[in-house]
Amino acid sequence: MAKFSAARFQFIADSLNGSGPFADGSALVQYPRESADKFARRKATAWYANALRPAVSRFVGYLMKKPVQRELPNPALKQFAEECTWQGDALSSFWAGFMIEAKARGSMLLLVDMPGGASSPGQEPRRFPYLVAIEPERVKSYVLNEYGQLRRVVINDSVQDASGNAQSVERTYTETGWSFTGGVNASGTHDLGVCPVLIFTESGLFPCIGDFAGIADLSKRLYNLRSELDEILRAQTFSLLTYKVPSDRFPLDMGPIAQTIGTDNLLQTFPDGAAFIAPPDGPATVYLQVIAQVDALIREIALTADDHTQRQGESGVALQLRFQ
């Protein structure tokens, strides 16, 4: 039985959904010589700009620009296309969401789930299955056959018990049956002859990390860069008052003066006067340049053009994708 590490897929999912470390600030890294108080203040003001979901949605939008045409002479197939999930979603809507999740990760699983009976009393039993999307980060372990298909898979999930409370369970699907173990226990058999959980990957065998996964890594870097830039701006944006003190008056107690400086007060100065100085913009400029470089890398991975009105700014691949 193969052991499956879901940490990488979970990180991509959190980047896609703005959840986990991108929501609680744990994706921020405390830089050297940053005190705990300053780091806590930076976390409190940090904001996450999701770059992965717009890129994936744009890519899927190109693919779905032309609606799929299906000929479904069988009434059961037609009903399946109109209601292919437990929530009653149409097949086109289901695939739209499935493709977004799959393109972000590079891998997804699809459960072909057959109901055990009628959905409500008085109705005929459903004669066709439901489709259930399963994220790869929920896979605990799996076994592939010689064709690269699943022979056995264990999935972490939660189900409702008889009282309506959510219970953590491990779902197991094989070529001959299924079972729930944990807070709820149940099992059964099927006559499919294959595992009812199907694999999608962009390329190669499962698991497969997709091309857009790099956007998740760059998004974490951008998250940190922008929060660090904000900290620089908060600490150095405001000009500082300088008060020139003649040498014969040095040292000078500035306490009373500092307490009375304001827009309603008069500041008496020495002949050399007082002035404001602005902090250097060098650190902020460097951060802006690095942010622009990282953002350009994200746009390159996502095949995003810099200016939609200037076609010469698009790469050949971006032009071809736009045309298609």
Side-chain angles (χ1 to χ4, degrees), residues 1-17 52-70 72 77 80-81 83-87 89-114 128-157 170-175 178 190 192-217 301-303 321 324:
M1 179 181 295
K3 294 295 183 181
F4 180 72
S5 175
R8 178 60 175 163
F9 286 113
Q10 184 61 57
F11 175 77
I12 297 172
D14 288 333
S15 177
L16 178 67
N17 300 317
L52 182 56
R53 182 168 289 278
V56 174
S57 299
R58 186 182 303 110
F59 184 93
V60 173
Y62 286 133
L63 300 181
M64 297 193 62
K65 188 175 182 180
K66 184 177 181 180
V68 176
Q69 301 296 323
R70 299 184 177 92
L72 303 173
L77 289 177
F80 172 73
E83 185 185 351
C84 70
T85 69
W86 290 94
Q87 294 77 27
D89 298 322
L91 188 60
S92 297
S93 299
F94 172 80
W95 283 126
F98 186 91
M99 285 191 291
I100 288 177
E101 303 291 336
K103 182 58 183 174
R105 297 169 174 83
S107 298
M108 276 291 286
L109 303 175
L110 179 69
L111 169 63
V112 182
D113 194 11
M114 195 67 187
F128 45 90
Y130 291 107
L131 300 181
V132 180
I134 300 175
E135 299 82 2
E137 59 267 22
R138 293 166 52 193
V139 173
K140 181 179 181 180
S141 61
Y142 66 95
V143 176
L144 300 178
N145 61 21
E146 60 273 20
Y147 303 106
Q149 301 168 338
L150 285 172
R151 176 177 296 166
R152 185 176 189 272
V153 61
V154 180
I155 301 166
N156 294 317
D157 201 359
E170 291 183 359
R171 293 175 177 254
T172 301
Y173 296 94
T174 67
E175 295 174 338
W178 58 271
H190 61 76
L192 297 175
V194 295
C195 181
V197 180
L198 307 178
I199 293 175
F200 166 83
T201 63
E202 284 193 352
S203 61
L205 296 176
F206 181 82
C208 170
I209 301 295
D211 295 336
F212 276 21
I215 298 179
D217 300 317
I301 295 174
L303 304 176
L321 180 61
Q324 292 176 353

Quiz item: Parallel, tilted or perpendicular: which describes the rings of Phe9 and Phe206, with under 30° parallel and over 60° perpendicular?
Solution: parallel
Quiz item: So, Arg152 side chain and Thr174 main chain: donor-acceptor pair closer than 3.5 Å or not?
Solution: no
Quiz item: What pairs with Glu202 under salt bridge (charged side-chain N to carboxylate O under 4.0 Å, His left out), at least two apart in sequence or on another chain?
Solution: Lys103
Self-check item: Flag side-chain contact, heavy atom, 4.5 Å: Val197 against Trp178
Solution: no
Practice problem: Please identify each residue that fulfils side-chain hydrogen bond (donor to acceptor under 3.5 Å, both in side chains) with Ser57, with sequence neighbours left out. | Solution: none
Quiz prompt | Residues in salt bridge (charged side-chain N to carboxylate O under 4.0 Å, His left out) contact with Asp217, at least two apart in sequence or another chain | solution = Arg8
Practice problem: Compare all side-chain heavy atoms of Leu144 with those of Leu150 and state whether any distance is below 4.5 angstrom. | Solution: yes
Quiz item: If you look at every heavy atom in Leu131 and Thr85, which pair is closest and at what distance?
Solution: O-CG2, 3.8 Å
Quiz item: Just how far is it from atom CZ of Phe98 to atom CG of Asp89, taken to the nearest 0.5 Å?
Solution: 14.0 Å
Exercise. May I ask you to test the Leu111-Ile155 pair for a side-chain heavy-atom distance under 4.5 Å?
Key: no
Quiz item: For the atom pair CE (Met99) and CZ (Phe59), what is the distance rounded to the nearest 0.5 Å?
Solution: 9.5 Å
Exercise. Please name the pair of heavy atoms, one in Met108 and one in Ala133, separated by the smallest distance, quoted to 0.1 Å.
Key: CE-CB, 3.9 Å
Quiz prompt | Smallest separation among heavy atoms of Leu16 and Arg53, with atom names | solution = O-NE, 3.1 Å
Self-check item: Sole candidate of Ile12, Asp14, Ile100 that passes side chain to side chain contact (heavy atoms under 4.5 Å, CB included) when paired with Leu52
Solution: Ile12
Quiz item: Taking all atoms of both residues into account, what is the closest heavy-atom pair of Ala302 and Phe212, and its distance?
Solution: CA-CZ, 4.0 Å
Quiz item: Which atoms form the tightest heavy-atom contact between Ser107 and Thr201, and what is the distance?
Solution: OG-CG2, 3.7 Å
Quiz item: What's the shortest heavy-atom distance between Ala6 and Val139, and which atoms?
Solution: CB-O, 4.5 Å
Quiz item: Do Arg171 and Lys140 come within less than 4.5 Å of each other through their side chains, counting heavy atoms only?
Solution: no
Quiz item: Hey, does Leu77 have a side-chain heavy atom less than 4.5 Å from the side chain of Arg70?
Solution: no
Practice problem: For residues Phe200 and Leu110, determine if any side-chain heavy atom of one lies less than 4.5 Å from a side-chain heavy atom of the other. | Solution: no
Quiz prompt | 4.5 Å side-chain heavy-atom contact, Glu170 and Asn156 | solution = yes
